[in-house]
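So the structure is just underneath, and the comments pick up after that.
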Amino acid sequence: MSETPYRYTAELAGQIEVAWQDRWEEQGTFRAPNPAGPWADPAGVAEHPGGHLLVLDMFPYPSGAGLHVGHPLGYIATDVYARYNRMLGRNVLHCLGYDAFGLPAEQYAVQTGQHPRKTTEENITIMARQLRRLGLGHDDRRAIRTIDPDYYRWTQWIFLQIFDSWYDPEAERADGGTGRARPIAELVEEYRGGARPTPDGRAWDDLSHTERAALLDARRLVQSVEAEVNWCPGLGTVLANEEVTNEGRSDRGNYPVFKRNLRQWVMRITEYADRLADDLDRVEWPEKVKTMQRNWIGRSQGARVTFAVDAGEGAGIEVFTTRPDTLFGATFMVLAPEHPLVETLVPEGGWPEGTKDAWTGGAATPAEAVAGYRAAAAAKTDAERQDEGKAKTGVFTGGWAVNPVNGARVPVFVADYVLMGYGTGAIMAVPAQDERDWDFAAAYALPVVRTVRPPEGHDESTAYTGDGPAMNSANDEVSLDGLGVAEAKERIIGWLEAEGLGEGAVTYKLRDWLFARQRYWGEPFPVVFDEDGIAHGVPEDQLPVELPDVPDYSPKVYDPQDAHSEPEPPLARDHEWVTVELDLGDGRGPRTFRRDTNVMPQWAGSCWYYLRYLDPANDAALVDPENEAYWMGPRPEPVAGAPAGTRDPGGVDLYVGGVEHAVLHLLYARFWHKVLHDLGHLASGEPFRTYFAQGYIQAPAYTDARGQYVEAGEVEEHVDDDGRQTFTHGGAPVSREFGKIGKSLKNMVSPDDMYAAFGADTFRLYEMGLGPLEQSKPWDTRAVVGSQRFLQRLWRNVVDEETGALRVVDTPLDDATTRVLHRTVDAVRTDFGSLGFNTAIARLTELNNALTKLEGGVPREAAEALVLMVAPLAPHIAEELWARLGHDRSLVYQPFPVADPGLLVDDTVTCVVQIKGKVRDRIEVPSDIAEDALRELALARPKVQEATAGGVRTVIVRAPGLVNVVPA
RNA sequence: GCGCAAGUGGCGGAACUGGCAGACGCGCCAGGUUUAGGUCCUGGUUCCUUCGGGUGUGCGGGUUCGAGUCCCGCCUUGCGCACCA
């Protein structure tokens, strides 16, 4: 029998933790009242005079491997923040659901031969157990799952809202801007009423069924387009641009991706490019993430200019340029190899007059040269094109164009440094002011005309891309000479527009969002096709379109290198499901349709889950508007750092998650949110007002002599004679590195092990105490014991380890401890409010240690305050101690301790006396000492006297803490 | 190549607007408790030192009475972008 049966061991911690988790669940402790909807509880809402707070974690994906110790970091942080805010009297909504559709689950299911629903649900069960054991204060009623028909019914509903919308760039918005999504029905009304003429002028009612559909489909925010897409044979599906890595491989699975022209569904996110870029000013996000989104959107301002072509009539080559001011320096043109005009430019027969040898690529005719170059370019992936470095290659097309500003004949080249996917796929080349064009000009002996005067000392063998006065830039009608870049741009655009040669223009790097996947495990499209191939949304009252339980859910995958394979969705194999009789409610009665066999990408479910959290049981709307306005509506004040005059867009109060979703999820969700806002479904204009990018926990991983990872748990550590650490695995030396926790580095550490060895509270405290939340930090299981010691001391300050009796005393706190207590309260409040949990823990540790050293037991006042302050971090032990201290209600809604400002300053402070900036002496002085008095006191000190024997040059006094004496 | 972060003890990290560098924790050292080990408790722990002090926040300069903090130039690491016209 142990002498300390009431010691706070991992075992006791476990008992306490599970008991409180049960109690919280039974009592619905963390259920946040809603103002409206099926769970309307206005009285409950009114009980929170402190207002409301919506705290959100990134939607977790239930992986088959279970959680590792890196996963809970953000969940713990938001839980601490949420619990702290509950104690401030706020109505806090915090919950967690599961993003459970998607590729990994499907891949896993295919591998194991089990249905993805089965494996997914098993994974959710495991993860839910692991998370529950952490003691997160989640509203358990709101744990939604994307794979549930009650959920994806609304995913499909949102899809239909977007499908049935068009973007009206002229429409005014409530926020004063122009451009917003409107229901397609309004477009129909405009056509029908004549407010908007049809392209050929016929009346709407005279158009055929298919003609009308074509007109509307061209305007919808979801469109089926024939476009160059990313085809991934290894996954058997097409992918969005955002899902393809820089190396031209799939984000998931790392398979090769090929460019293919295919007809596919896209969401017209490009219509929102400006707003997605501009509204970043209105949210509080890490600047890094805002920059990533801005780069991805890639907005650039410039002009479109048309160059007439020698050969054919009309057409001409349209280029986009950000430097229209340099038009006079355009000495040649370049088209992307895929550019459709290339063929029309190539003359029959041999090389035209003026062709230089370097331009021909050694071919006998332009046709041969161009065909050869295009074939070679087509055979390369984007990655291969880039791998070849910056060396410029290309061939002359044999065609000539005319520079519209000076009539100069300029040769037209094809070169793969111009990309078909950006701008118009054609450029005017201005070697003097563009490095790439300079390189090309140098390689192909093309002329260079400087049109911006470089500064003194500029290397004449390079392009000059900076600002400066224009030169060589005048014709009979317009002169830019002497103007700076900005003014020159403005003037030339004015002239181009007046002459009908071009116009100011904006282009974006952002492409429309390819939305369909030829896989099984996702939301089916709520779309059917009629006998004319026209797409119709499934009527709302017939949602959800349930994912059928097909016998063969494996996607048709191919050799990953087989670029010419074709996507084949698994749903297409279920002929019974594909063919359906429906009444669309359009007065034509039930008819036979063919279902769309694509499924939505994984992002679909995670684009709006935070909205469903607000009202998960609502079957009349995706969220009751009053609930959305309450939890997410705009706040009176804009976020910190927003430009003057900014209106708050609303959104989640705190969103915590990894930065890996900086462009994908965060951009898609903003897009959907804005569409729903435009259509009047949401009061908020942004989903995430404040986003905090957390760091990762890294764990040691070990490689053997061959560079292979070995199981980290089997590695032995040694210290050699020099005190250096060495590591061995099975006797053989291995080397250590730190990396992402997971199977591939064989360095998995499970929270389950931490629960067993220390308890959840210790684990929580350790993760929060490691360092700043935004930083990546190494995991060290051996150091966890420090957090356990803290809780053991806390426990011992309240409970006798031998008898289990209460140890606190009902004597008043001494003055010094009172001041320590109040200073701790003050510091901890500041730290909790700014997610500074590591420093909060340091302060609590100091207080705890101070109480430990008190003679004669810990006064109740201090013990209770400490328990309350520890509660957000280590809620179970805090609840247990609170109960043992005689309280019969949970401390979750207890007011957080308040510091008395009068107790934050001491009566006396230690003043530092410096001589020439070096600390030489200290004096105890009253904290309200006057400057002059302090100066006298300092100058009278023997050490100062000694140092200033030769006189005093100056004395700096910063009462009451510092005096710096500078001897002459 | 361009852009953005960050470099502080053996380790993770503290340090508000320039004002006692190293809070708190791990590890390590010493002492106490214990038959012993572990636990727990107390103290110590930048480096050098002739024990007076000197030195010290990636490197080199600068501003200042005073610099981890501000300025200039480098180095290293991490992240993002990378022919985007």
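Here is the naming used below: chain letters follow the sequence lines, and residue numbers restart at 1 for every chain. Below, all heavy atoms of this structure are taken into account, side chains as well, without hydrogens, waters or symmetry copies.
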*Considering only heavy atoms, which members of residues 787-803 of chain A lie under 4.0 Å from some atom of RNA chain B?*
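The stretch gives Arg789(A), Gln792(A), Arg793(A), Arg796(A) as the residues lying under 4.0 Å from the strand, ordered by number.
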When you measure from the side-chain N and O atoms of [X] to the phosphate of [N], is any distance below 4.0 Å, counting only OP1 and OP2?
X	N	result
Asn849(A)	G25(B)	yes
Thr291(A)	C81(B)	no
Lys509(A)	A82(B)	yes
Asn838(A)	A14(B)	yes

*Out of A85(B), A23(B), C26(B), which has the shortest distance to the side chain of Ala842(A)?*
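Selected nucleotide (nearest to the side chain): A23(B).
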*Counting heavy atoms from C-beta on, name the nucleotide in G19(B), U42(B), C20(B) closest to the side chain of Ile956(A).*
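For the Ile956(A) side chain, the nearest candidate turns out to be G19(B).
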Rounded distance in Å between the [atom1] positions of [N] and [M]:
N	M	atom1	value
G19(B)	G32(B)	C1'	40 Å
G73(B)	C29(B)	C1'	43 Å
G1(B)	C70(B)	C1'	30 Å
A23(B)	G12(B)	C1'	13 Å

*Between Val663(A) and Gly769(A), which is nearer to the 5' end of RNA chain B once each is assigned its nearest nucleotide?*
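Going by which nucleotide is closer to the 5' end, it is Gly769(A).
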*Which sits closer to the 5' end of RNA chain B, Thr852(A) or Arg920(A), going by the nucleotide each is nearest to?*
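Nearest-nucleotide comparison on RNA chain B picks Thr852(A).
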_Show me, range against range, the stems involving RNA chain B, built from at least 3 consecutive Watson-Crick or G-U pairs below 3.5 Å._
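So far as stems of 3 or more pairs are concerned, RNA chain B shows B:1-7 with B:75-81, B:10-12 with B:24-26, B:27-32 with B:40-45, B:58-62 with B:70-74.
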*Roughly how many Å is it from CE in Met768(A) to P in G12(B), rounded to a whole number?*
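Taking atom P of G12(B) as the reference, CE of Met768(A) is at 19 Å.
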*asked:* Please determine whether a side-chain nitrogen of the Lys or Arg among Arg294(A) and Glu287(A) lies less than 4.0 Å from a carboxylate oxygen of the Asp or Glu.
replied: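 Yes, this pair counts.
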*asked:* Any base atoms under 4.0 Å from Leu962(A), or only sugar-phosphate, or nothing? Heavy atoms, all strands.
replied: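 Base, at least one base heavy atom under 4.0 Å.
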*Between Trp438(A) and Tyr464(A), does the ring centre distance come in under 6.0 Å?*
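They do not qualify: ring centres at least 6.0 Å apart.
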*Can the ring centres of Phe440(A) and Phe332(A) be said to be less than 6.0 Å apart?*
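Yes, the ring centres sit under 6.0 Å apart.
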*asked:* Below 30° counts as parallel, above 60° as perpendicular, anything between as tilted: where do the rings of His665(A) and His661(A) land?
replied: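 Aromatic pair His665(A)/His661(A) classed perpendicular.
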_Over 60° means perpendicular and under 30° means parallel, so tell me whether Phe727(A) and Tyr702(A) are parallel, tilted or perpendicular._
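Ring orientation, 0 to 90° scale: tilted.
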*Could you check if a side-chain atom of Val449(A) sits within less than 4.5 angstrom of a side-chain atom of Phe328(A), using non-hydrogen atoms only?*
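They are not in side-chain contact.
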*Evaluate the side chain to side chain donor-acceptor pair (under 3.5 Å) criterion for residues Thr852(A) and Asn797(A): first the C-alpha distance (whole Å), next the side-chain angles of each, then the deciding distance (0.1 Å), finally the verdict.*
CA-CA 6 Å; Thr852(A) 304; Asn797(A) 278 333; 3.2 Å; yes
*Counting only distance, no hydrogens or angles, is the base of C79(B) paired donor-acceptor with the side chain of Lys288(A) under 3.5 Å?*
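Per atom types, no contact qualifies.
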*Do Gln914(A) and G19(B) have a side chain to base donor-acceptor pair shorter than 3.5 Å?*
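Side chain to base: pair found, below 3.5 Å.
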